[in-house]
2 protein chains.
Amino acid sequence: MKPKVTIEDIARLAGVSKATVSRVLNERSNVKAETRERVLRIMQEQGFVPSLAAAGLAGGRSRLVGVLTPPFTQPTVPEILRGVAEAIEHTDYEIVLYSTNAGQSPTTIVNRILALGLTSCLLVIQPGPLTPRLLQLASQGLPVVVIDDQGPPPELPSVGIDNRVSAYQATMHLIRLGYRRIAHLQGPAEFRCAQERYQGYRQALDDAGLPFDPALVFNGTFETASGRACAVALATLPLTERPEAIFIANDQMAFGFLSAAEALGLRIPQDLAVVGFDDIPLSAHVRPTLTTIKQPFYEMGRNAVELLLSLLHGPATQPVAGAEGGYQPPIRIQLPTRLVIRESCGALTLHRRQEQEHSLSDE
Amino acid sequence: MKPKVTIEDIARLAGVSKATVSRVLNERSNVKAETRERVLRIMQEQGFVPSLAAAGLAGGRSRLVGVLTPPFTQPTVPEILRGVAEAIEHTDYEIVLYSTNAGQSPTTIVNRILALGLTSCLLVIQPGPLTPRLLQLASQGLPVVVIDDQGPPPELPSVGIDNRVSAYQATMHLIRLGYRRIAHLQGPAEFRCAQERYQGYRQALDDAGLPFDPALVFNGTFETASGRACAVALATLPLTERPEAIFIANDQMAFGFLSAAEALGLRIPQDLAVVGFDDIPLSAHVRPTLTTIKQPFYEMGRNAVELLLSLLHGPATQPVAGAEGGYQPPIRIQLPTRLVIRESCGALTLHRRQEQEHSLSDE
DNA sequence: GCATAATATGAAACCGCTTTCATGTCAAGG
DNA sequence: CCTTGACATGAAAGCGGTTTCATATTATGC
């Protein structure tokens with residue numbers, strides 16, 4: 001291996017001290033233009049790239065962003081990560097990836113990450129509740145940005161969507177299509193987003209003056225299997241009690257629902273309209289294709305990085321633990337979602353739609 | 001932020017020197033058992049975790065594995081990465097992720113990675129040819145493992161599959177189903193795997209005594225669009241010249257083919273049987289579901305990490321540049337693939353199959 | 001023309017750990 | 001009882017940067 005070019009080499013070649021080279025490196029203002037030029041040229045010539053490790057050690061802060069992710073096979077993750085990676089690319093930071101692959105305790109992982117001292121900030125992609133440890137660290141000044149879920153009061157700077165409004169739109173879409181008995185398959189209660197989506201659903205019913213029937217709300221786990229279970233449960237309902245449509249809290253469950261429905265001879269959307277939530281890649285390919293709320297995962301990744309870096313550079317990085325005065329809630333970036341209309345909601349089968357507009361006007 | 005516990009703190013608390021603590025840390029043998037115990041206990045109590053950054057700096061080698069990947073949205077990547085992440089988790093290494101998101105030159109990226117001095121080894125997920133720079137570095141002793149593609153003679157230690165044999169199986173499967181005119185949509189020539197798959201296809205035809213018709217080989221780019229283009233090209237062929245089946249060099253193109261075929265009124269598998277290659281998640285969900293060769297991506301990731309670490313620890317890590325004597329080709333781990341039979345090849349529609357065997361005998 | 005401030009640069013300490021080299025200790029060997 | 005090692009440990013020198021503090025240089029004001 002060729003010996004690495006160090007700051008010392010550059011200093012010698014440029015006839016200056018290491019300190020000056022370091023200043024050039026960090027774009028400090030107090031270096032004579034001429035000197036800077038020379039140093040930069042030499043660095044260029046020598047192909048010098050400063051060691052992140054050394055810089056981190058010496059400077060006390062590092063140029064590494066720790067990214068904590070669920071397994072990549074969770075279908076929303078790759079897009080988010082793509083956004084993260086792309087945003088990082090435009091900076092001089094790098095990504096250290098901590099995948100919570102196995103079922104380790106998140107707290108353990110977080111501890112390990114930080115103790116390693118590599119990264120000085122953290123990007124957490126975590127659907128579901130945050131660990132107390134993370135909150136504690138953040139309150140101690142660790143820059144953290146969370147993608148996706150958020151505890152009741154926003155606890156950490158985060159990037160996400162408005163689940164309530166999005167769910168409202170999804171449900172309202174079904175209502176506008178003329179469906180009146182609309183079921184909901186919700187996510188697990190510990191997920192904040194599951195609750196919010198449920199609320200959006202309720203609100204839409206209310207606003208449309210539709211009665212709410214608790215029997216039409218099913219509990220899911222956000223996993224495919226619970227979608228299947230829900231379809232089975234629906235199919236066993238007496239015909240008169242069957243809903244005409246269902247808003248399913250994520251696409252993963254919707255897939256399970258779709259496949260079970262097919263097996264049960266339930267035609268989608270003719271017998272039952274379905275709207276999902278997420279718009280992951282598969283959603284455009286299942287049969288029938290899934291009408292769903294598109295989450296801007298890529299943008300979420302990008303925005304999260306930007307937010308994190310602004311936190312890092314920004315002034316207010318030091319919310320002293322326990323400090324009371326001047327509390328301001330953590331920044332939350334809320335990105336817009338979009339309803340993607342495909343086959344499963346029945347909107348594309350026009351004659352059907354017209355029928356429904358009739359029945360709507362009856363109201 | 002709480003002040004980090006350093007090796008010095010531990011040393012003081014244990015009443016030993018930093019050097020001794022370091023020895024314990026690195027599991028050197030020459031520490032009295034009693035001392036080791038004490039130090040370990042104190043480290044435990046203090047929740048001490050050594051700084052990777054400092055260790056890397058001081059030791060000249062680091063515990064960071066650089067992983068160079070294509071964008072995560074390339075569908076084969078997440079599974080590989082999952083394998084990588086899981087394998088890493090069992091070690092005390094961490095992953096630094098370099099995603100070649102934008103269209104930057106790979107050489108630039110590689111240079112940057114190494115110059116950063118963070119990582120002392122590299123895992124390259126790169127379909128397609130390797131950059132000369134990478135080869136050069138590897139020959140200088142940088143431990144590198146490549147996943148997937150491989151230049152004509154294996155140039156670097158790598159993990160992958162036997163593309164030739166797998167393609168052979170795919171094609172042979174079609175042949176066994178009774179198809180005789182079998183087309184091939186191949187990947188771009190600069191991809192080694194594309195060539196090998198083509199060879200496997202040829203070989204299968206030969207072995208089955210089927211004539212090879214160059215007009216039935218189409219050039220693709222491994223992207224969806226070229227699958228569509230191929231379907232269009234096929235559809236314009238006079239009926240008599242149309243193939244009965246096609247082996248498509250990757251699933252991505254197969255999807256394009258499938259969707260275009262549908263639009264063109266070409267029924268799969270009745271009018272044309274299709275076999276793909278990769279078995280990415282979508283493959284089980286497109287309509288018709290895709291018969292394909294399953295690549296063990298997850299295992300590839302795991303094996304690559306293991307290979308890389310063994311290279312790192314192993315003795316022969318120093319192939320001095322230019323050294324001639326005792327050359328041994330780089331290790332290649334070849335993982336088995338599997339033919340996954342789904343709808344698109346027609347094997348599942350039995351009656352239909354019989355029909356075809358009839359029409360076959362007519363020829 | 002000289003005091004004073006602003007600007008540019010260098011010397012050296014330091015970040016947390018590894019490693020070399022020196023030192024100290026103790027058991028075996030003569 | 002005194003070597004001779006083997007073993008255990010400590011002191012100190014880095015690793016490649018950053019940062020503080022001091023110093024040298026130049027610009028500014030009166």
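Protein chains get the first letters and strands the later ones, always in sequence-line order, with residue 1 at the start of each.
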Chemist: Which residues pass the side-chain hydrogen bond (donor to acceptor under 3.5 Å, both in side chains) test with Arg28(A), not counting sequence neighbours?
Modeler: none
Chemist: Starting at atom CG of Leu57(B), determine the distance to atom C1' of dG17(D), rounded to an integer number of angstrom.
Modeler: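 In whole Å, dG17(D) C1' lies 7 Å from Leu57(B) CG.
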Chemist: Please name all residues satisfying salt bridge (Lys or Arg N to Asp or Glu O under 4.0 Å) with Arg36(A), sequence neighbours left out, ordered by chain then number.
Modeler: none
Chemist: Got a sec: does the CD of Glu27(B) have more than 12 other heavy atoms crowding it under 6.0 Å?
Modeler: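 Not more than 12 within 6.0 Å, no.
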Chemist: Go through the structure and list residues passing side-chain hydrogen bond (donor to acceptor under 3.5 Å, both in side chains) with Glu299(B), not counting sequence neighbours.
Modeler: none
Chemist: Angle, rounded to 10°, between the helical axes spanning five pairs at each terminus of the helix from dG1(C)-dC30(D) to dG30(C)-dC1(D)?
Modeler: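 Axis-to-axis angle, ends of the helix: 50°.
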Chemist: Let me see the working for Glu45(A) and Arg41(A) under salt bridge (Lys or Arg N to Asp or Glu O under 4.0 Å), right down to the final yes or no.
Modeler: CA-CA 6 Å; Glu45(A) 285 171 14; Arg41(A) 185 168 43 74; 3.2 Å; yes
Chemist: If I take atom CD1 from residue Ile95(B) and atom OH from residue Tyr98(A), how far apart are they, to the nearest 0.5 angstrom?
Modeler: 10.0 Å
Chemist: Heavy-atom count around Glu8(A) CD within 6.0 Å, excluding the residue itself: above 12?
Modeler: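 No - once you tally the heavy atoms of other residues, nucleotides and ligands closer than 6.0 Å, there are 12 at most.
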Chemist: Counting N and O atoms only, with roles assigned by atom type, does the side chain of Asp9(B) sit under 3.5 Å from a partner on the main chain of Thr6(B), one being a donor and the other an acceptor?
Modeler: yes
Chemist: Counting only non-hydrogen atoms, which of residues 29-38 of chain A are less than 4.0 Å from DNA chain D?
Modeler: none
Chemist: Among Arg82(A), Glu79(A), Glu86(A), which residue meets the side-chain hydrogen bond (donor to acceptor under 3.5 Å, both in side chains) test with Tyr298(A)?
Modeler: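 Answer after filtering Arg82(A), Glu79(A), Glu86(A): Glu86(A).
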Chemist: Rounding to an integer number of Å, can you tell me how far Asp92(A) CG sits from dT18(D) P?
Modeler: 11 Å
Chemist: How would nucleotides 17-24 of chain C be written as a contact map, 5' to 3', with B for base contact, S for sugar-phosphate-only contact and - for no contact, using protein heavy atoms under 4.0 Å?
Modeler: BBBB----
Chemist: Can you tell me which residue among Val159(B), Val67(B), Leu68(B) is in a side-chain contact (heavy atoms from CB on, under 4.5 Å) with Ile125(B)?
Modeler: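 The side-chain contact (heavy atoms from CB on, under 4.5 Å) with Ile125(B) is passed solely by Val67(B) among Val159(B), Val67(B), Leu68(B).
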